[in-house]
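In what follows, every chain begins at residue 1, and chains take the letters A, B, ... in the order their sequences are listed.
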Amino acid sequence: MATLGRKKQKEYTELTVREALAKGDLFTKLSTVVMGLGNLVRGQIVKGIMFLALEIYFIIFMITTGVESIKGFITLGTRTAEEYFDEASQMYLMRAGDNSMLCLLYGITAMILVLLFFLVWRTNVKSAYNAELITKANGHLPTFKEDVNSLFNGNIHKLLLFLPITCVLAFTIMPLLFMMSMAFTNYDRNHQVPANLFDWVGFKNFTELFSSTNGLATAFWHVLGWTLVWAFFATFLNYILGMILGIVINREKTKCKGMWRFFFVLSIAVPQFVSLLVMRTLLQPNGGVNVLLRTLGIIAEGQSLPFWTNVTWARVSIIVVNIWIGVPYTLLQVTGILKNIPNDLYEAARLDGAGPVRIFFSITLPYMLFVTAPYLITQFIGNINNFNVIYLLTAGAPASLAYFNGTAGKTDLLVTWLYKLTVDFSDFNYGAVIGIMSFVLSALFALLTYHRTSAYKNEEGFQ
Amino acid sequence: MANTKRKITRSKVNNVIVHIILAVLSLIWVAPILWVIMTSFRPEKGAYPTSFFPKTWTLANYEKLFTDTAVFNFPRWFGNTFVVAVFSCILSTIFLVCIAFCMSRLRFKMRKPFLNVALILGMFPGFMSIMAVYYIMKGLNLLDGPLKLVALVLLYSGGSGILNFYVAKGFFDTIPKTIDEAAYVDGASKWHVLTRITIPLSKPIIIYTILTSFIAPWIDFILSKVIIGTESKYYTVAIGMWNMLERENVYQWYTTFFAAAVIVSIPVAIIFLLMQRYYTDGMAGAVKG
């Protein structure tokens, strides 16, 4: 406990902007308007110039494009593309209108830049106040060179995290904000850019998704239901079957343990998209499995089992194929943990006359559940968002016209439906709403468990 | 006596049954792989064979894969994927080591918020923003010709995968803090601790990261499909092979697809086997007591 207490102490000095504004002198206060002034006055020339340059650059950006972009974000464009008569060439020409989608994108980019500038501004005020305090105390002001050197020592996290955070901002956060804002517009197939404009509609898409009559709500509830059913079976069947397989292979009396393990793990070495495409072709009406069954005489010549064409068959086939794909992974994951179960637990159970089934449910399963709960949750969330298996096996088929004009099929998950809506049907608004719903679903399950696991609580337990 | 004897024979019978079940199951798991290999040697075209085992064997499919490059330029796709894989694995390893080091070994103000934000961002379905990513890449002018491959490298290394630093962080967490503290007492800077202590001690997890990020471009299908589009010159193997199975190509290219599958599986399988070793080592922790 003593070490924990020590770690909780602040290892960094902290100045707040509020304090700087209340207690700072004239130069510190003026640096809120002229950035870098506080540093310049106190002799940190390079630092001051950098702040000032950033401010000037930001002002130029705002005047040339920034303000326009933010305005565009609010209006989402006002002029539609139109035909007009060109006097000079005596022809009808097209005049390009506003592109709502670009308005949205530029608007979000501009707002992120404003936010970043605000952070720089805060750093600037703090830095000015810091310089003031050090000068007043007759301390040593760090030179620019020392500041750079600190990037390799005290401030190394700033150096190391700069590029990764930039990437996360550009490739994860910005696209997410962009797509999420589409959930509040009417950017569907009838409002395609650049020929048309789209506009803000508030929560209309959400209410439609829950209670519309054009098949959207039906599709949503059905797809959501299948997503949960799928995630449940895909997670727990793989888990339990993988574990049983692990136990059977690791039994004392099983011969050639390595060989059996190799056979099962072999399938992981084949890239997943290949094995999924292979499974898809194998289970076609004239695919390998049906041919084999005909050759063996199990089904009559010319007949075939409807693996992908019948709804129930398709759903079961997907889960079974997923078992084929997933069990080897579970096998790998659990083998080590199974060996860790204390042997005396088993011996005590055997002395009490418990059979293998009883031992599994009373000892192995509770122990494994206890140890691998976080793994199970990530698997469950991963399966809610398991795009590859569904898209490569059935692509959502068999289709159903009742599902919002056939945009979704009977085996579609929320994510594959989302993909089809955006990429194939250009209903970006509904796609975005479904994405948000899918996130809410994952977040719920994650929050329920992450904070309860000991791995999260005792992060520093080993250090 | 008779009772125990019956018990022994019963357990023997059980044992035989278990082995038979195992054999049947492994047949189910191995059969599709055998089928892939057999189909890649099958001479007759088309997706619907009349027999399970090929009647004659041929190498023509492999030959076609490497010589008939007018429509489906497999060697080029292989090269594209390889280049993308090399660069994205260098970049993402650097990124992951940087993040994991900061989150595990350092304590600074924004650390907890970062960890939580990463956790939340990881819960969004990756496909949600795929179109947005496309437009952002277009805005950065990274969708012209070969630059598409640069865009792919950036997305594989800096995209949502960057949020999977938790495994590496967990490994770094197992390095005893006292080692770092001893180094600081000796006057080492944090940069020195990172380069001279943490990285050398983390070889298993770094190699594991290198291997996983090298594999990603070979098996990713959907991101590359959206970014590359229809320009077949810049396909990666996954999109190219998907196209072989499209309705208009499937008759001509079906068996060739399997030849390609075998060839792509070889590097992935080798890396996977290597990865297994480092994964186990990685999970075992950095410094063994």
Side-chain angles (χ1 to χ4, degrees), chain A residues 11-12 105 152-153 156-157 160-161 163-164 167-168 170-172 174-176 178-179 248 253-255 260 263-264 266-275 277-279 281-282 286-288 291-292 295 324 381 385 387-388 415 418-419 422-423 428 435 438-439 442-443 446 450 459 462-463, chain B residues 15 18-19 22 26 29-30 32-33 35-36 47-52 95 98-99 101-102 106-109 119-121 123-125 127-129 131-133 135-136 139 154-155 158-160 162-163 173-174 176-177 189-191 194 218-219 221-222 226 238 242 245 261 264-265 268-269 272:
Chain A
E11 291 177 14
Y12 33 81
L105 185 60
F152 289 91
N153 198 6
I156 195 171
H157 58 276
L160 294 181
L161 289 180
L163 270 182
C167 281
V168 170
F171 303 135
T172 307
M174 212 164 83
L176 269 181
F178 184 46
M179 280 310 277
V248 169
K253 286 177 193 155
T254 308
K255 302 257 160 54
W260 298 120
F263 279 152
F264 289 105
L266 194 64
S267 69
I268 301 185
V270 182
Q272 211 185 63
F273 82 95
V274 171
S275 44
L277 287 175
V278 168
M279 285 297 188
T281 50
L282 272 180
N286 286 312
V291 169
L292 183 69
T295 323
W324 187 85
I381 294 172
N385 294 324
F387 181 86
N388 277 342
V415 272
L418 150 75
Y419 177 84
T422 53
V423 177
F428 288 91
S438 190
F439 162 74
S442 317
Y450 268 129
E459 184 191 10
F462 282 112
Q463 288 188 2
Chain B
N15 210 17
V18 163
H19 280 88
L22 273 180
S26 19
W29 256 264
V30 173
I33 297 165
W35 196 73
V36 168
Y48 303 122
T50 45
S51 68
F52 192 77
F95 284 167
C98 286
I99 303 180
F101 178 76
C102 289
L106 304 178
R107 291 293 175 269
F108 49 95
K109 202 169 84 188
L119 211 61
I120 293 171
L121 286 179
M123 279 174 228
F124 279 98
F127 308 97
M128 183 172 165
S129 48
M131 286 318 278
V133 168
Y135 286 115
I136 287 170
L154 279 177
L155 287 177
S160 52
I162 210 171
L163 299 168
D173 280 343
T174 64
K177 253 211 158 136
S189 71
K190 290 186 176 164
W191 176 257
L194 168 65
W218 298 92
I219 54 183
F221 163 76
I222 216 67
V226 170
W242 162 267
L245 290 189
V264 172
S265 298
V268 177
F272 174 76

*Asks:* Would you mind checking which part of W324(A) comes under 4.5 Å of any heavy atom in chain B, side chain (CB onward), backbone (N, CA, C, O), both or neither?
*Replies:*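 Its backbone and side chain both get close to chain B.
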
*Asks:* What are the two closest non-hydrogen atoms of K253(A) and H19(B), and how far apart are they?
*Replies:*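 Scanning both residues completely, I find the closest heavy atoms to be O-CE1, 3.7 Å.
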
*Asks:* Between N153(A) and S189(B), is there a donor-acceptor pair closer than 3.5 Å when you use the side chain of the first and the backbone of the second?
*Replies:*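 No, because the side chain of N153(A) does not come within donor-acceptor range (under 3.5 Å) of the backbone of S189(B).
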
*Asks:* Would you say W218(B) and V274(A) make side-chain contact, with heavy atoms under 4.5 Å?
*Replies:*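 In short, these two side chains do not touch, never coming nearer than 4.5 Å.
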
*Asks:* Answer with side chain, backbone, both or neither: which region of L22(B) has an atom nearer than 4.5 Å to a non-hydrogen atom of chain A?
*Replies:*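 Both the backbone and the side chain of L22(B) come within 4.5 Å of chain A.
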
*Asks:* Shorter than 4.5 Å, heavy atoms on both sides: which option in P175(A), A170(A), C167(A) has the most such pairs with chain B?
*Replies:*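 Among the listed options, the one with the most contacts to chain B is P175(A).
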
*Asks:* Checking heavy atoms, do the side chain of I120(B), its backbone, both or neither come under 4.5 Å from chain A?
*Replies:*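 Backbone plus side chain of I120(B), per the 4.5 Å heavy-atom cut-off to chain A.
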
*Asks:* Evaluate the side-chain proximity of L282(A) to P32(B): yes if any heavy-atom separation is below 4.5 Å, no if none is.
*Replies:*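 Result yes, sub-4.5 Å side-chain heavy-atom pair found.
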
*Asks:* If I take atom NE2 from residue H157(A) and atom NZ from residue K109(B), how far apart are they, to the nearest 0.5 angstrom?
*Replies:*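 Interatomic distance, H157(A) NE2 to K109(B) NZ, rounded to 0.5 Å: 9.0 Å.
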
*Asks:* State, to 0.1 Å, how close V248(A) and V18(B) come at their nearest heavy-atom pair, and which atoms those are.
*Replies:*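 So the minimum-distance heavy-atom pair works out to CG1-CG1, 3.5 Å.
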
*Asks:* Go through the steps for C98(B) and L161(A) under the test side chain to side chain contact (heavy atoms under 4.5 Å, CB included), then give the verdict.
*Replies:* CA-CA 7 Å; C98(B) 286; L161(A) 289 180; 5.6 Å; no

*Asks:* Of the non-hydrogen atoms in P164(A) and F95(B), which two are nearest, and what is the gap between them?
*Replies:*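 The answer is CG-CD2, 4.0 Å.
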
*Asks:* Go through the atoms of F152(A) and report whether side chain, backbone, both or neither lie under 4.5 Å from a heavy atom of chain B.
*Replies:*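 Both parts, backbone and side chain.
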
*Asks:* Would you say CH2 of W191(B) has more than 12 non-hydrogen atoms from neighbouring residues, nucleotides or ligands within 6.0 angstrom?
*Replies:*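 No, the 6.0 Å shell around CH2 holds no more than 12 heavy atoms from other groups.
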
*Asks:* Which atom names give the shortest non-hydrogen contact between P271(A) and I219(B), and what distance separates them?
*Replies:*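 Residues P271(A) and I219(B), closest heavy atoms: CB-CG2, 3.4 Å.
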
*Asks:* Is it the backbone or the side chain of C102(B) that comes under 4.5 Å from a heavy atom of chain A, or both, or neither?
*Replies:*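 Only the side chain of C102(B) comes within 4.5 Å of chain A.
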
*Asks:* Please confirm whether the ring centroid of F264(A) lies under 6.0 Å from the ring centroid of W29(B).
*Replies:*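 So the answer is yes for these two rings.
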
*Asks:* What residue, out of T422(A), L176(A), T254(A), has the most heavy-atom pairs lying under 4.5 Å from chain B?
*Replies:*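 Option with the top pair count is L176(A).
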
*Asks:* Minimum heavy-atom separation for W260(A) and S26(B), please, with both atom names.
*Replies:*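 That closest heavy-atom pairing would be CZ3-OG, 3.3 Å.
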
*Asks:* Please classify the contact between L266(A) and chain B as side chain, backbone, both or neither, with a heavy-atom cut-off of under 4.5 Å.
*Replies:*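 Both parts, heavy atoms under 4.5 Å.
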
*Asks:* Could you walk me through whether V36(B) and V270(A) satisfy the side chain to side chain contact (heavy atoms under 4.5 Å, CB included) test, starting with their C-alpha distance in whole Å, then the side-chain angles of each, then the deciding distance to 0.1 Å, before giving a yes or no?
*Replies:* CA-CA 10 Å; V36(B) 168; V270(A) 182; 5.9 Å; no

*Asks:* Under 4.5 Å from any heavy atom of chain A, what part of I99(B) do you find: side chain, backbone, both or neither?
*Replies:*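 Both parts, backbone and side chain.
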
*Asks:* Is it the side chain or the backbone of L163(B) that comes within 4.5 Å of chain A heavy atoms, both, or neither?
*Replies:*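 When you check distances to chain A, only side chain atoms of L163(B) fall under 4.5 Å.
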
*Asks:* Please state whether the side chain, the backbone, both or neither of L418(A) comes within less than 4.5 Å of a heavy atom of chain B.
*Replies:*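 For L418(A), the contact with chain B is made by the side chain alone.
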
*Asks:* Where does the angle between the aromatic ring planes of F178(A) and Y135(B) fall among parallel (under 30°), tilted (30 to 60°) and perpendicular (over 60°)?
*Replies:*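 Perpendicular.
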
*Asks:* List the steps and the verdict of side chain to side chain contact (heavy atoms under 4.5 Å, CB included) for V133(B) and T172(A).
*Replies:* CA-CA 8 Å; V133(B) 168; T172(A) 307; over 6 Å; no

*Asks:* Between chain A and each of V268(B), I222(B), V30(B), L245(B), count heavy-atom pairs under 4.5 Å; write down the option with the most.
*Replies:*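 Among the listed options, the one with the most contacts to chain A is I222(B).
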
